[in-house]
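Heads up: the structure comes next, in structure tokens.
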Amino acid sequence: MENRTYTADAEPGDTVTVAGWAHEIRDLGGIAFLIVRDTTGKIQVKFEKDEMDDDLVETGVNVNRESVVQVSGAVEEEERAPTGVEIVPEDVEVVAPADPELPLDPSGKVDADISTRLDNRTLDLRMEESKAIFEIRAEVLRAVREQFRDLNCTEINTPKIVATGTEGGTELFPITYFGQEAFMNQSPQLFKQLMVGSGLERVFEIGPIFRAEEHNTPRHLNEATSIDFESAFYDHSDAMDACEAVVRAAYEGVAENCQEQLETLGYEDFEAPSGDFPRLTYEEAIERINATGELDEQLVWGDDLPTEGEHALGEEVGEHYFITDWPSEIKPFYIKDHDDDETLSTGFDLMHPSMELVSGGQREHRYDHLVAGFEQQGLDPDAFEYYTKMFKYGMPPHAGWGLGGERLVMTMLGLDNIREAVLFPRDRQRLSP
RNA sequence: GCCCGGGUGGUGUAGUGGCCCAUCAUAUGACCCUGUCACGGUCGUGACGCGGGUUCAAAUCCCGCCUCGGGCGCCA
């Protein structure tokens, strides 16, 4: 289809061939309109029954909605047409007919449940709102990659089939690997750390992670996209700077390059976050949560932040913010404690007012401390020897973080359900399509 | 893992014991209509998740199953 013209490019005076989907047919009697939709938009095709070939009219007016059609004809300026132009057809061809009854309505006149939409994602993505989300998602990934490159990172890809998890076995999907026990990787954590000791020093990865948790919420997936960063000779504060830059770059990229999509989704004043993200210590965070009076029970030092507390604090802060200096006991063993206070971790979270987006920290790079950490967690250090032994050959101090890609898109666009931000989500009950 | 709430034409819904061979919208079929842009009009088509039970009577109440959504925990 070399000579195909996009509907958006059809100019008055041109003779064109457009190809796309029959969005709607409006038969008014002596005149009928066929609206053809492609990825760039829609164009109206006019059928004046008395003045046109009967077969041509017959074909054009009897097309089922959502059939793939190809229309050739002259583009004419017409102020009564929705886009100001319309095609007077010379030839209409049904390239691929659609059943008259559709499993959902791509014209959006009737809503569909998220479940129906996911079962029929192809049709769902014919709606411009659904499509806009994924165009924005693509822009987020592009902007993030560019920012990482500005930070002198090398993009890496690490294995998704692994012999051991990061923090234990319970939340991993087990698989059989040529008769051997193996798992789907829940995080590139260990591998990216190994890279900071390599000649690469500073790396990022955007890839899938797998979590076997049986949660059932609008913000969890069993297969998610993790945006990971790790750098040698960084402390937790440097890592937070990088994190802020990447999140901001994502917003700026979307603000700059996705005007049309934002409009489609109903955003009139989408703006990238301005100013630095506030950095609250864990202690400040629990104090502020307690002060809101939203929780039935006051939080004490060492408690994890309950969802309700996150929401209360998020509402108060009203923008992205970091929570730093967590109690060591509730952060993973591979995160380094402060040198002057072993009860305090260098771990940090980046929060959107509505949920956690990022988890990171400075890593434990000292071999003895690392091995001791494994033992304290009840993990067998021997099982992680591929990892720990590299800490014997010059592992620099380093820090990094992991950002939930879908959560970034979800919070950016205010989506109700994280599944909206994944083409084919994997959740507790959904394995197909 | 614990705890809630749903499943009614293709799609989205109304209906909480008889007024229901089930409402409305959209879709779909036929006919009418020469400027629609959620086109309009007339007449049709099409559904109570599955199995069992209670009752004179069940979409509606009860039990089991299947299925979907959500809250918490945990996390990205």
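What you see is a predicted model, and the numbers here were worked out from it, not measured in a lab. In what follows, chains carry the letters A, B, and so on, assigned in the order in which the sequence lines appear, proteins first and then strands, with residues in each chain numbered from 1.
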Where along nucleotides 29-36 of chain B does protein come under 4.0 Å, by heavy atom, of base (B) or sugar-phosphate alone (S), with - for untouched nucleotides? ----BBBB

Could you tell me whether the side chain of A:R65 has a donor or acceptor atom within less than 3.5 Å of a complementary atom in the base of B:rA27? no

With rounding to the closest Å, how many angstrom separate the P atoms on B:rG6 and B:rG15? 12 Å

Identify whether any heavy atom of A:E310 sits under 4.0 Å from a base atom; if not, whether one sits that close to sugar-phosphate; answer base, sugar-phosphate or nothing. base

Distance check, C1' atoms only: B:rU8 and B:rU16, in whole angstrom units. 13 Å

Applying a 4.0 Å non-hydrogen cut-off, can you work out what A:A112 is touching in the nucleic acid: base, sugar-phosphate, or nothing? sugar-phosphate

P atoms of B:rA47 and B:rG41, separation to the nearest Å: 25 Å

Starting from P on B:rC75, measure out to CG on A:D228 and report it in whole angstrom. 16 Å

Provide, to the nearest angstrom, the distance between the NE2 atom belonging to A:H23 and the P atom belonging to B:rA38. 10 Å

Rounded to the nearest Å, what distance is computed from the CD atom of residue A:E24 to the P atom of nucleotide B:rU26? 12 Å

Grab the NZ-P distance between A:K109 and B:rU26 for me, whole Å please. 8 Å

Any base atoms under 4.0 Å from A:I209, or only sugar-phosphate, or nothing? Heavy atoms, all strands. nothing

Heavy-atom contacts, protein to nucleotides 66-74 of chain B, under 4.0 Å, summarised as B (base), S (sugar-phosphate only) or - (none) per nt, yield --SBBBSBB

Check whether any side-chain N or O of A:S231 sits under 3.5 Å from a backbone N or O of A:Y234 as a donor-acceptor pair, and report yes or no. no

What is the distance, rounded to the nearest whole Å, between atom CG of A:L123 and atom C1' of B:rA27? 13 Å

A:D349 atom CG is separated from B:rA76 atom C1', nearest whole Å, by 10 Å

Which word best sums up how the rings of A:F229 and A:F148 line up, parallel for under 30°, tilted for 30 to 60°, or perpendicular for over 60°? parallel

Would you indicate, yes or no, if B:rA38 has its OP1 or OP2 atom less than 4.0 angstrom from a side-chain nitrogen or oxygen of A:S107? no

